[in-house]
Q: 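Here it is, the structure in full.
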Amino acid sequence: MIDKRVLNSDEAVRDIPDNAVLMLGGFGLCGIPENCISALLRKGIKGLTCISNNAGVDDFGIGLLLKTRQVRKMISSYVGENAEFERQLLSGELEVELIPQGTLAERVRAGGAGIPAFFTPAGVGTEVAEGKETRVFEGKTYLMENWLKADFAIVKAWKGDAAGNLVYKGTARNFNPMMATAGNMTIAEVEELVEVGELDPNEIHTPGIYVHRIFQGANYEKRIEQKTIIEN
């Protein structure tokens with residue numbers, strides 16, 4: 001068994017260079033790799049292309065990397081909670097590719113599965129279709145979408161073991177598992193790191209074969225993007 005544990009987030013991201021393509025897991029502010037994002041801030045690398053469902057908020061998640069101008073391009077689905085993202089987009093400072101959420105998920109899954117392209121009806125007749133091949137199947141028009149892959153996939157799980165097997169909790173399963181399969185190198189941070197054999201094989205969501213580095217994170221904020229309460 002190969003022990004894939006590294007000491008901390010700084011060691012995990014040590015060789016990510018400028019201009020790298022990164023996948024960053026999570027859904028909204030749930031299940032995002034907070035420790036690795038902080039390490040990327042400290043490292044100060046520039047020109048990143050970030051593939052993520054969300055662009056974080058102004059002072060958390062990928063929003064922190066946008067604030068320091070470390071991101072050159074965002075490939076995402078939902079960006080409505082980030083004022084700095086909006087400012088950079090409108091000023092032309094940031095290149096943006098907005099993708100329907102289901103298409104984004106499938107493009108990442110295709111990258112991990114080795115499927116170069118697929119056809120989907122999502123986006124036909126909109127700006128999403130500009131410059132893309134279309135084809136008609138059974139009288140309906142579909143767009144051809146290409147796979148998405150990354151130099152580094154950075155994911156966050158609830159539990160993991162020294163061999164890189166991962167278990168996610170709740171909404172963190174939306175993008176993390178498929179992104180873990182689509183990076184040339186996959187880095188996982190977990191809330192609890194255990195020895196091999198402690199995880200129930202039937203509960204493992206990402207097999208360790210996809211993971212290259214793993215560490216136990218710390219000080220997770222676990223923010224709520226929109227908190228709504230009812231007063232009695």
Side-chain angles (χ1 to χ4, degrees), residues 1-76 82 84-85 149-169 172 175-177 179-196 199 206 208-223:
M1 189 274 292
I2 300 175
D3 190 334
K4 300 176 181 179
R5 289 175 290 190
V6 294
L7 185 62
N8 53 35
S9 57
D10 292 300
E11 184 178 347
V13 305
R14 63 184 182 273
D15 52 358
I16 297 181
D18 289 344
N19 305 310
V21 178
L22 307 182
M23 282 184 182
L24 295 148
F27 187 76
L29 301 181
C30 174
I32 69 170
E34 297 176 34
N35 284 219
C36 283
I37 289 172
S38 295
L40 292 171
L41 280 168
R42 291 190 292 271
K43 189 172 171 61
I45 53 177
K46 303 286 187 180
L48 298 173
T49 296
C50 292
I51 303 168
S52 175
N53 181 62
N54 291 61
V57 292
D58 288 312
D59 60 345
F60 189 67
I62 298 175
L64 295 170
L65 297 173
L66 288 166
K67 204 173 199 177
T68 53
R69 308 293 195 280
Q70 291 174 250
V71 180
R72 178 186 65 82
K73 181 178 181 179
M74 280 293 310
I75 300 174
S76 12
N82 195 321
E84 177 61 18
F85 176 98
K149 298 189 289 184
D151 301 317
F152 295 84
I154 305 175
V155 301
K156 191 256 182 179
W158 173 45
K159 285 186 179 181
D161 66 21
N165 297 300
L166 304 177
V167 179
Y168 307 97
K169 182 181 283 189
F175 279 90
N176 278 300
M179 286 187 171
T181 69
N184 292 334
M185 173 171 285
T186 296
I187 298 167
E189 59 179 80
V190 297
E191 294 182 39
E192 184 178 348
L193 185 56
V194 301
E195 296 298 327
V196 173
L199 298 178
T206 295
I209 191 171
Y210 291 109
V211 177
H212 302 85
R213 296 173 187 165
I214 187 169
F215 69 94
Q216 183 165 310
N219 303 316
Y220 287 109
E221 293 188 42
K222 296 186 180 181
R223 292 197 189 186

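Basis for what follows: all heavy atoms, side chains included, without hydrogens, waters or symmetry-related copies. Note that the coordinates shown come from a computational prediction; the quantities given were computed from them, not determined experimentally.
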Q: Answer yes or no: is there a donor N or O on one side and an acceptor on the other, between the side chain of K159 and the main chain of V190, under 3.5 Å?
A: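 Flag not set: sc K159 to bb V190 has no pair under 3.5 Å.
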Q: Could you tell me if the side chain of L40 sits less than 4.5 Å from the side chain of I45, heavy atoms only?
A: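 Yes, side chains in contact.
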Q: Looking at every non-hydrogen atom in both residues, tell me the closest pair between V71 and L66 and how far apart they are.
A: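 In this case the closest contact between V71 and L66 is CB-CD2, 3.8 Å.
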Q: Check E84 against R69 and note the closest heavy-atom contact, atom names and distance.
A: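 So the minimum-distance heavy-atom pair works out to OE2-NH1, 3.3 Å.
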Q: To the nearest 0.5 Å, how far apart are CZ in F215 and SG in C36?
A: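 Here the interatomic distance stands at 3.5 Å.
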Q: Judged by atom type as modelled, is there a donor-acceptor pair below 3.5 Å linking the side chain of D151 to the main-chain atoms of V21?
A: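 Pair found, side chain donor or acceptor close to backbone of V21.
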Q: Is there a donor-acceptor pair closer than 3.5 Å between any side-chain N or O of K156 and the backbone N or O of G217?
A: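 Side chain of K156 to backbone of G217, a donor-acceptor pair under 3.5 Å: no, none is there.
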Q: Is there a side-chain contact between I16 and I154 in this structure, where contact means two heavy atoms from C-beta onward sitting under 4.5 Å apart?
A: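 Yes, at least one pair of side-chain atoms sits under 4.5 Å.
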Q: Can you see which heavy atom on I37 is nearest to which on G61, and at what distance?
A: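 Result for this residue pair: CG2-O, 3.5 Å.
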Q: To the nearest 0.5 Å, what is the distance between CD on E195 and CZ on R5?
A: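 E195 atom CD to R5 atom CZ measures 4.5 Å (nearest 0.5 Å).
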Q: With a sphere of 6.0 Å drawn around CD1 of I209, does it hold more than 12 non-hydrogen atoms of other residues, nucleotides or ligands?
A: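 Atom CD1 in I209 is not packed in, count stays at 12 or less.
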Q: Drop me the distance from D15's CG to R213's CZ, to the nearest 0.5 angstrom.
A: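 Those atoms lie 4.0 Å apart.
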Q: What are the two closest non-hydrogen atoms of A150 and L22, and how far apart are they?
A: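 Of all heavy-atom pairs spanning A150 and L22, the closest is CB-C, 4.1 Å.
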Q: Please tell me if the side chains of K149 and N184 come closer than 4.5 Å, counting only heavy atoms from C-beta onward.
A: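 Side-chain contact under 4.5 Å: no.
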Q: Determine the sole option in D161, L166, I187 for which the side chain to side chain contact (heavy atoms under 4.5 Å, CB included) test with I214 is passed.
A: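 With I214 as partner, D161, L166, I187 yield a single side chain to side chain contact (heavy atoms under 4.5 Å, CB included), made by L166.
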Q: Identify the two heavy atoms, one from L24 and one from S52, that lie closest to each other, and give their separation to 0.1 Å.
A: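 Closest approach of L24 to S52: O-OG, 3.4 Å.
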Q: Look up atom NZ in K46 and atom CZ in R72, then write down how far apart they are to the nearest 0.5 Å.
A: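 CZ of R72 is found 14.0 Å from NZ of K46.
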Q: Taking Y220's backbone N and O only, do any of them form a donor-acceptor pair with E34's side chain (distance below 3.5 Å, no angle check)?
A: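 No: the side chain of E34 does not pair with the backbone of Y220.
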Q: Backbone N or O of N35 within a donor-acceptor pair of the E189 side chain at under 3.5 Å?
A: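 Checked: pair present.
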Q: Does any non-hydrogen side-chain atom of T49 lie less than 4.5 Å from one of I75?
A: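 Sidechains of T49 and I75: in contact.
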Q: Give the minimum heavy-atom separation between A188 and V211, together with the two atoms involved.
A: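 Scanning both residues completely, I find the closest heavy atoms to be CB-CG1, 4.1 Å.
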Q: For the atom pair CD (E192) and CG (L199), what is the distance rounded to the nearest 0.5 Å?
A: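 Answer rounded to 0.5 Å: 8.5 Å.
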Q: Hey, does the side chain of T186 reach the backbone of A182 with a donor-acceptor pair shorter than 3.5 angstrom?
A: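 Absent.
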Q: Could you give the distance from CD1 (I51) to CZ (F175), rounded to the nearest 0.5 Å?
A: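 With rounding to 0.5 Å, CD1 (I51) is 11.5 Å from CZ (F175).
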Q: Is atom NZ of K43 surrounded by more than 12 heavy atoms (other residues, nucleotides or ligands) closer than 6.0 Å?
A: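 For K43, atom NZ is crowded (more than 12 foreign heavy atoms under 6.0 Å).
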